[in-house]
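One structure below.
All values below come from the heavy atoms of this structure, side chains included, with hydrogens, waters and symmetry mates left out. Note on naming: letters A, B, ... go to the chains in the order of the sequence lines (proteins, then strands), and numbering restarts at 1 for each one.
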Amino acid sequence: MVHPVVKLVAQRIALGLLLLIAASVLIFVGTMVLPGDVAQSILGQSATPETLANLREELGLNVPPVTRYLNWAWGVLHGDLGTALTNGKDIAEAMGKRLGNTLFLAFWAAVIAVPLAITLGLISVRYRNRWPDKLISIVTLATISVPEFLLGYISVYFLSVKFRLFPSLATVFDGMTLGERLFAISMPVLVLVLAVLGHMMRMTRAAILNVLESAYIETAELKGLSPFAIIAKHALPNAIAPVVNVVMLNLAYLVVGVVVVEVVFVYPGMGQYLVDHVAKRDVPVVQACGLVFAAIYIGLNILADVISILANPRLRHPK
Amino acid sequence: MTRIPLSALIGLTFTGAYFFCAIFAAWIAPYGMAEAIGDSWEPWSQAHWLGTDSIGRDLLSRMIWGGQTTIFVAAAATVLSFSLGTILGFTAAVRGGWVDQLLSRGVDLMMSIPSLISALVVLSVLPTTLPVLILVMGILDSTRVFRLSRAVAVDITVMDYVEAARLRGEKQGWIILREILPNALSPLVAEMGLRFIFAVLFISTLSFLGLGVQPPMADWGGIVKENKEGIVYGIPAALIPAFAIATLAISVNLVADWILNRTASLKGGRSA
């Protein structure tokens, strides 16, 4: 007899993998939505028939789409993401280091944003409808209402140009010590933190308030327990699952925010790689980047579900 | 019921002002959209209230014309995503069965890829013209509208009056339009405000990345892109759209909050 939790987790992971396969199909189809021909749209109207034919050959457009998808997927499974159209280089190789850079950036943003958001959420629940709650609410509403790239330029304007505290460009290269590297990415990390903090804090606040409004909390209050005991023993265990969910959802969001922030700070990561090659209409690179981003996003969502399954005491003790 | 709270009033005023400027841009803007009239990055003055931009165009005029583009694209995308999302969402809720499964799983799949990434993938092969941008944004965003409208409609379809309409032999179109839509309207209208803001942020981001509205057409994201080099010299021209986007977003949020609260209290509903 398999424990139901194991079964649930296995089901969730299997579903996630299925979703990933479907997403790869979607990404592949997404680059073929054009009614005409991809080669034509890459080269523009002025292309000669010969160059068109060459590009079609190179893209494998003469092969039926299903075969093309299977070839591509087979390659991806073996770590071969194909070669870039623009410079003929191997995509997997070009992407490797950039992916590392992006994850480095996202990691440090998460390390700062997650504890900060949860603390702020707790503070605003503790002082609900009083001035700390209102202040936090107004500030986070402001950060949510401005797109990431503008948050970036606002902080560059004030922190880099006016006060000269941090570098305005996040230049990283080999041979930097960890300290230098962290200083170089201080501004993008700050912007990413600001970008996700608002959502994360608001959702944490809502999740905890939701728990605090349930009947057993009222019972605990009526029993005369201290506020601390109520929060630690009654509210917290039940709030873990929703809060973890909030955190994971926002980490997934962080992965997307990275795309824009990297462009602002000219940081050599995945996001910049993707945006550059969209502009150059380099379809294989775009497909590969899209797949990697989708995989990270889906992975984090699976992780969120698995953690909330594990954190749910009702599932842990089957009858 | 006629009393409008102060926050909503502020929101309505600002939202109205932005839409007014957008609609009547041609009369309000002191200069043409792409008219170069001075040196680059002139400071704020009587003649040019917000100074000039990187190639000497009047920034106030650019902001007003840009607002027109941004608000038009965002509004069109919102209308598209709402029409598509609510029709499909209501259909899924009313029909149930395999139709519901098919649509819901399809939407799950689309939402499994972040919308910015999907948009970038599609825009790598499509030309970046306004209709294409509106179409891409509208379709990607309709997934969220679908989820909301389906959830709301599922609650309503089990009501007695819908059952009564079914037993009367009303057609599906009648049930969706006359029974479900009026009762689902308030959460949808509030959501519309949020989706509109999301669309404004989205088109600004795309334009900033150079993949949205193309120059010489003005739009708020593009203005940032054109003037970003000025920032390192301490010229704040690129920050002006930030102010516009933030105030528009906050005021629409205030209006949406008010609509949601008002209708919740009308129903004697959950929010006390």
*Would you give the length of the straight line joining atom CZ of B/Arg105 to atom CG of A/Leu18, rounded to the nearest 0.5 angstrom?*
11.5 Å
_How close do B/Val121 and A/Gly290 get, counting heavy atoms only, and between which atoms?_
CG2-CA, 4.4 Å
*Give, as side chain, backbone, both or neither, the part of B/Leu120 having an atom under 4.5 angstrom from any heavy atom of chain A.*
both
*Which is it for B/Phe208 and A/Val264 under the side chain to side chain contact (heavy atoms under 4.5 Å, CB included) test, yes or no, and what are the steps along the way?*
CA-CA 9 Å; B/Phe208 166 70; A/Val264 172; 3.7 Å; yes
*Give a yes or no on this: more than 12 heavy atoms of other residues, nucleotides or ligands lie within 6.0 Å of atom CD of A/Gln11.*
yes
*Under 4.5 Å heavy-atom distance to chain B, tell me which part of A/Ile154 shows up: side chain, backbone, both or neither.*
both
*Just wondering, do A/Leu26 and B/Met110 contact through their side chains at under 4.5 Å, heavy atoms?*
yes
_Sequence-distant partners of B/Arg150, salt bridge (charged side-chain N to carboxylate O under 4.0 Å, His left out), two or more places apart_ = B/Asp100
*Would you say A/Tyr297 and B/Ile117 make side-chain contact, with heavy atoms under 4.5 Å?*
no
Residues 213-224 of chain B side chain polar contacts: donor-acceptor under 3.5 Å, at least two apart:
from: B/Gln214; atom 1: NE2; to: B/Thr128; atom 2: OG1; distance (Å): 3.2
from: B/Gln214; atom 1: NE2; to: B/Gly210; atom 2: O; distance (Å): 3.4
from: B/Gln214; atom 1: NE2; to: B/Gly212; atom 2: O; distance (Å): 2.9
from: B/Asp219; atom 1: OD1; to: B/Ser207; atom 2: OG; distance (Å): 3.3
from: B/Asp219; atom 1: OD1; to: B/Gly222; atom 2: N; distance (Å): 3.0
from: B/Asp219; atom 1: OD2; to: B/Ser207; atom 2: OG; distance (Å): 3.0
from: B/Asp219; atom 1: OD2; to: B/Gly221; atom 2: N; distance (Å): 3.4
from: B/Trp220; atom 1: NE1; to: B/Met63; atom 2: O; distance (Å): 3.0

*Measure the CG-OG distance between A/Leu20 and B/Ser112 for me, rounded to the nearest 0.5 Å.*
8.0 Å
*Under 4.5 Å from any heavy atom of chain B - which part of A/Leu274*: side chain
*asked:* Less than 4.5 Å to any heavy atom of chain A: does that hold for the side chain of B/Leu109, its backbone, both, or neither?
replied: both
*asked:* Quick check: closest heavy atoms across A/Val263 and B/Leu209, and the distance to 0.1 Å?
replied: CG2-CD2, 3.7 Å
*Rounded to the nearest 0.5 Å, how far does CD1 of A/Ile298 lie from CE of B/Met111?*
12.5 Å
_Counting heavy-atom pairs closer than 4.5 Å to chain A, which one of B/Pro114, B/Ser115, B/Pro241, B/Ser118 comes out on top?_
B/Pro114
_More than 12 heavy atoms of other groups within 6.0 Å of B/Phe72 CZ_ = no
